[in-house]
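In this chain, numbering begins with 1 at the start of the sequence shown.
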Amino acid sequence: MGESVAEATITNWLKQVGDKIEADEAVLEIATDKVDSEVPSEVSGVLVEQLFGKDDLVKVGQTIAIIETDADAVLKTTKQEVVVPVEVAAIEKTIEVAKEAVAAPINFSDSEKFLSPLVKNIAKEEGISLAELDTILGSGKEGRVTKEDILNYIKNRSTDVPSVVEAVKVAIPSQPVTPKPQPATTSLNGGDEIIEMDRMRKLISGYMVASIQTSAHVQSFIEVDVTNIVKWRDKVKFDFEKREGEKLTYTPIFMEAVAKALKDFPMMNIAVDGDFIIKKKNINLGMAASLPNGNLIVPVIKNADQLNLVGMAKAVNDLGNRAKIGKLKPDDTQGGTYTVTNVGTFGSVFGTPIINQPQVGILALGAIRKVPAVIETPEGDFIGIRQKMFLSHSYDHRVVDGALGGSFVKRVAEYLEAFDVDRNF
């Protein structure tokens, strides 16, 4: 999962106890911060035990499931026998047992059988008593009751034999049974549609509010002439793609300039921890990217200052492409020291981005536009068409003063305007 990731939350089991699993097939989904990942099986076999449930927090290195690779032994099933009570006394005794089961919560520890969390949950929801569970013949390893066993029991019980709970309903008609309400994620109220936030949106919401409450946000804006960059890219982009097998966008060029400026102003490459400032050794640039569901995520280009333009382009394209198809790994979003977001992608001229904690700065790249501009020459000034954009720098005024915040973004602009149109890629 990456050396910087210590734990993850189980968000969904894709396979249940008793299910067959092929090697490299996804068994469950996990989440770390904002990244959801699938965990594949290393072997083929049958899932016989889940050691953690949904929403459990698991540390890296812990065993989360047991897979039996001898599929024939696990899949060997035993025909389920349903015993129909015919004696009146037996029926009355069953009803008495059921009354006690309904009145008191089931203590699964009283059973001598091993019962997986999934089987326990099904038993609770279906009102199956511990006595009933003990009568179910398990087809799993060492006679364990599998998901299929308990579902077959419920099916046979509902179609062939009155269930114990149903018997109680008949015997005690004065005891109402209230169905368990099911929460609705989407509902209509008149003309308004109510949609519950997904997990990612809830996390983003929490991060943004926490950042605003933590940092004193201040912005500096500067306009940059990127005509040379536009001309150079138009001139080399086809040869670049032919030679490197990668598309050349503007993003790696901007990232290169930001990395250079961070080396010039190392106090922008810091983090805040309480009353302490942590000066980061490495320059790890976060790059806002879109996920398949439309949410944004920030994968990180590690040691960005050590990459040439080709290396930067490959890193940008790799992270961006994997973000679009939901294939980012947990470690891809860890360890960022400064973040860049391209609001120009959506047509915005400039923006006021929120700092990605515990960093102290974030740079927004505005849309590149053709604008009339004053051009200074030895022969005098004249008006010409230039390619320009705005850089919007948000920084934490607790630790970054206006002089530093403004000087940093000005240095980024200087690197961009001084771009060499004759450089090789």
Side-chain angles (χ1 to χ4, degrees), residues 33-34 203-224 250-273 277-280 282-291 295-302 304-305 312 315-316 319-320 323 332-346 348-367 389-413 415-416:
D33 291 340
K34 294 184 290 184
L203 285 171
I204 293 174
S205 175
Y207 293 148
M208 296 299 97
V209 172
S211 181
I212 290 293
Q213 293 175 342
T214 300
S215 297
H217 281 64
V218 176
Q219 284 82 30
S220 293
F221 307 93
I222 191 166
E223 191 175 27
V224 189
Y250 291 113
T251 302
I253 301 173
F254 297 144
M255 289 293 198
E256 181 185 54
V258 172
K260 289 180 179 179
L262 286 172
K263 291 192 73 171
D264 295 341
F265 295 93
M267 287 307 292
M268 281 304 311
N269 196 54
I270 63 174
V272 177
D273 183 7
I277 294 173
I278 303 172
K279 192 174 180 181
K280 296 292 185 176
N282 299 329
I283 295 177
N284 300 333
L285 291 183
M287 177 189 75
S290 296
L291 289 169
N295 289 327
L296 289 178
I297 196 168
V298 184
V300 177
I301 302 172
K302 307 293 175 61
D305 58 312
M312 189 75 78
V316 167
L319 292 174
D332 290 331
T333 62
Q334 306 294 320
T337 61
Y338 189 88
T339 298
V340 178
T341 179
N342 190 352
V343 298
T345 301
F346 314 107
S348 297
V349 178
F350 53 80
T352 55
I354 297 175
I355 297 169
N356 190 9
Q357 298 294 327
Q359 301 168 23
V360 299
I362 180 172
L363 186 69
L365 309 172
M389 64 181 295
F390 282 98
L391 303 179
S392 308
H393 186 209
S394 293
Y395 47 95
D396 189 344
H397 209 16
R398 295 178 303 165
V399 291
V400 179
D401 292 328
L404 174 58
S407 297
F408 170 78
V409 70
K410 185 173 183 290
R411 183 63 54 85
V412 175
Y415 280 127
L416 294 176

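Taking a 6.0 Å sphere around CZ of Phe390, one finds it holds more than 12 heavy atoms contributed by other residues, nucleotides or ligands.
The aromatic rings of Phe408 and His393 are tilted relative to each other, their planes meeting at an angle between 30° and 60°.
Atom CD1 of residue Ile278 and atom CD1 of residue Ile270 lie 9.5 Å apart, to the nearest 0.5 angstrom. Taking CG of Leu285 as the reference point, atom CD1 of Ile301 lies at 6.0 Å (rounded to 0.5 Å). Put simply, CE on Met268 and OH on Tyr338 are 5.0 Å apart, with the number rounded to the nearest 0.5 Å. For the atom pair CZ of Phe221 and OG1 of Thr352, the computed distance is 6.5 Å after rounding to the nearest 0.5 Å.
Applying side chain to side chain contact (heavy atoms under 4.5 Å, CB included) to Ile204 and the options Asn295, Ile297, Leu296 leaves one that passes, Asn295. A side chain to side chain contact (heavy atoms under 4.5 Å, CB included) with Leu262 is found for one member of Asn269, Asp305, Val412 and no other, namely Asn269.
Contact detail for Pro353 and Thr341: the closest heavy-atom pair is CB-CG2, 4.0 Å. Shortest non-hydrogen contact noted between Val409 and Ser220 is CG1-CB, 4.4 Å. When all heavy atoms of Ile222 and Ala413 are compared, the pair lying nearest together is CD1-CB, 4.1 Å. Residues Leu416 and Ala257 share a closest heavy-atom pair of CD2-CB, 3.7 Å.
For the pair Asn342 (side chain) and Ala288 (backbone), a donor-acceptor distance under 3.5 Å is absent. For Asn356 (side chain) and Thr339 (main-chain N/O), no donor-acceptor pair under 3.5 Å exists by modelled atom type. At least one donor-acceptor pair under 3.5 Å links the side chain of Asp396 to the backbone N or O of Arg398. The main-chain N or O of Gly351 is found under 3.5 Å from a side-chain atom of Ser392 such that the two form a donor-acceptor pair. Checking side-chain atoms of Ser211 against main-chain N and O of Gln357 turns up no donor-acceptor pair under 3.5 Å. At distances below 3.5 Å, not a single donor-acceptor pair connects side-chain atoms of Glu256 with backbone N or O atoms of Met312.
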Go through Asp332 and Leu319 one step at a time and tell me if the side-chain contact (heavy atoms from CB on, under 4.5 Å) criterion holds.
-> CA-CA 8 Å; Asp332 290 331; Leu319 292 174; 4.3 Å; yes
Derivation of the side-chain contact (heavy atoms from CB on, under 4.5 Å) call for Ile354 and His217 | CA-CA 8 Å; Ile354 297 175; His217 281 64; 3.7 Å; yes
Might you work through the side-chain contact (heavy atoms from CB on, under 4.5 Å) test for Met389 and Tyr250, ending with a clear yes or no?
-> CA-CA 12 Å; Met389 64 181 295; Tyr250 291 113; over 6 Å; no
Under the side-chain contact (heavy atoms from CB on, under 4.5 Å) rule, what do Met287 and Val340 come out as? Steps first, then yes or no, please.
-> CA-CA 5 Å; Met287 177 189 75; Val340 178; 5.9 Å; no
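For the pair Leu391/Phe254, no side-chain contact is recorded, criterion being any heavy-atom separation below 4.5 Å from C-beta on. The closest side-chain heavy-atom distance from Gln334 to Val300 is not below 4.5 Å. Here the side chains of Val360 and Met267 are not in contact, with every heavy-atom distance at 4.5 Å or above.
Here side chain to side chain donor-acceptor pair (under 3.5 Å) pairs that include residues 258-268, with residues two or more places apart or in two chains, are Asp264-Arg411, Asp264-Tyr415.
Gln219 pairs by the side chain to side chain donor-acceptor pair (under 3.5 Å) definition with Ser394, not counting sequence neighbours.
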